[in-house]
Protein chains: 2
Amino acid sequence: MHFDDKIPIYYQIKTNIYHEIIMGTLQPGEKLPSVRQLALDVTANVNTVQRALSEMIAAGIIDSKRGKGNFVTMDETKITDLKTQLITEQVARAYQQLHALNLSDEEILNSLKHYMTQRGNVE
Amino acid sequence: MHFDDKIPIYYQIKTNIYHEIIMGTLQPGEKLPSVRQLALDVTANVNTVQRALSEMIAAGIIDSKRGKGNFVTMDETKITDLKTQLITEQVARAYQQLHALNLSDEEILNSLKHYMTQRGNVE
DNA sequence: ACTAGTGTTCTATTTCTCTATTACACTATT
DNA sequence: AATAGTGTAATAGAGAAATAGAACACTAGT
């Protein structure tokens with residue numbers, strides 16, 4: 001796993017697992033790899049993984065069952081809400097950043113469209 | 001100045017000054033406040049400000065003159081290039097994040113447009 | 001009962017960021 | 001010359017993040 005050294009690893013692990021849940025790579029009710037296996041997967045320490053999981057457990061997205069494992073919540077509403085929340089955060093963040101670079105709404109949209117067409121042609 | 005505790009302060013100071021240069025709040029050739037004044041302005045330590053400045057000096061955006069002060073480069077090409085670079089980074093980052101949330105290109109554009117219209121109505 | 005596989009917690013250590021403080025180097029003004 | 005205002009650098013210390021390692025609590029299969 002690739003880490004941005006400007007952001008805490010535990011936070012990036014959390015974001016990554018959230019993405020897998022939203023993408024459907026991890027289904028509702030599905031068991032996650034064990035904390036020790038996750039630590040190996042992302043080349044981090046068990047404690048660091050545990051910290052990421054703790055926050056997701058506190059948020060109600062992950063159900064922890066001692067001795068059994070960690071499971072994605074069965075409550076699909078929570079997952080939908082999470083997705084909405086993350087989208088809103090990302091869109092707001094991106095808009096504010098680009099606005100701070102003196103781009104108008106139209107220029108922001110055009111920059112994004114331009115990026116998409118370029119990306120579309122490559123793949 | 002508002003700091004995101006997930007990102008190093010020196011890095012946020014750097015980004016903030018870059019934005020001021022691109023916005024034109026800081027003009028080419030213009031003298032920046034002294035490092036000690038900047039430290040007071042953002043409520044950070046002189047060393048932290050100096051670290052941010054060092055990276056901008058290394059990037060050629062700021063010219064440092066010992067005993068005189070720090071100045072925005074006169075080379076407007078460098079500023080234009082910086083703006084292009086920052087825009088590309090932000091657009092790419094935003095796209096990848098939203099793509100990782102399972103949004104199609106069209107959905108990404110719609111989310112952004114929706115955000116813009118909502119924001120437009122409030123202000 | 002035993003064992004292996006889970007989550008959980010604790011301590012010690014390292015690294016990085018940030019702060020505080022001091023000192024040094026240079027410029028301009030008086 | 002003296003002084004004030006600049007950038008620059010070095011040291012020491014506090015705090016957070018991450019690591020390594022060990023131990024504890026619970027579950028399931030044998």
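Just so you know, these numbers come straight off a predicted model, no measurement behind them.
Across the protein-nucleic acid pair, A:Phe3 atom CZ and D:dA17 atom C1' stand 13 Å apart, rounded to whole Å. The distance from atom CZ of A:Arg66 to atom C1' of C:dG7 is 6 Å, rounded to the nearest whole Å. In this structure, A:Asn45 places its CG atom 14 Å from P of C:dG7, rounding to the nearest Å. In this structure, NZ of B:Lys31 is placed 12 Å from C1' of C:dA28, rounded to the nearest angstrom. A:Gln50 places its CD atom 6 Å from the C1' atom of C:dG7, with the value rounded to the nearest Å. Between the CG atom of A:Asp5 and the P atom of C:dT15 there is a distance of 16 Å, rounded to whole Å. Atoms CG (B:Leu40) and P (C:dA20) sit 11 Å apart, rounded to a whole Å. Following rounding to the nearest Å, A:Leu53 (CG) and D:dA18 (P) show an atom-to-atom distance of 14 Å.
Closest approach of B:Lys14 and B:Ala52 over heavy atoms only: N-CB, 3.9 Å. A pairwise comparison of heavy atoms in B:Asn102 and B:Glu107 identifies O-OE1, 3.8 Å as the closest pair. Contact between A:Val42 and A:Met1 at its shortest, heavy atoms only, is CG1-SD, 3.7 Å.
Base engagement by A:Asn47 is indicated by at least one non-hydrogen atom pair under 4.0 Å involving a base atom. Using a 4.0 Å heavy-atom criterion, one finds that B:Thr48 contacts the bases of the nucleic acid, with or without backbone contacts as well.
Donor-acceptor pairing under 3.5 Å, judged by distance alone, is absent between the side chain of A:Arg36 and the base of C:dG5.
Between A:Ser64 and the phosphate of C:dT8, there is a side-chain N or O to OP1/OP2 separation shorter than 4.0 Å. Of the side-chain N and O atoms in A:Lys68, one or more sit less than 4.0 angstrom from OP1 or OP2 of D:dA28. Note on A:Ser34: a side-chain N or O is less than 4.0 Å away from OP1 or OP2 of C:dT6. For the OP1/OP2 pair of D:dA17 and a distance below 4.0 Å, the side-chain nitrogens and oxygens of A:Arg51 include at least one atom meeting the criterion.
Heavy-atom neighbours of A:Phe3 CZ from other residues, nucleotides or ligands within 6.0 Å: above the threshold of 12. Remark: B:Glu76 CD is loosely packed, at most 12 non-hydrogen atoms of other residues, nucleotides or ligands lying under 6.0 Å away.
Both A:Ala44 and B:Ser54 sit near DNA chain D, but only B:Ser54 has its closest nucleotide nearer the 5' end.
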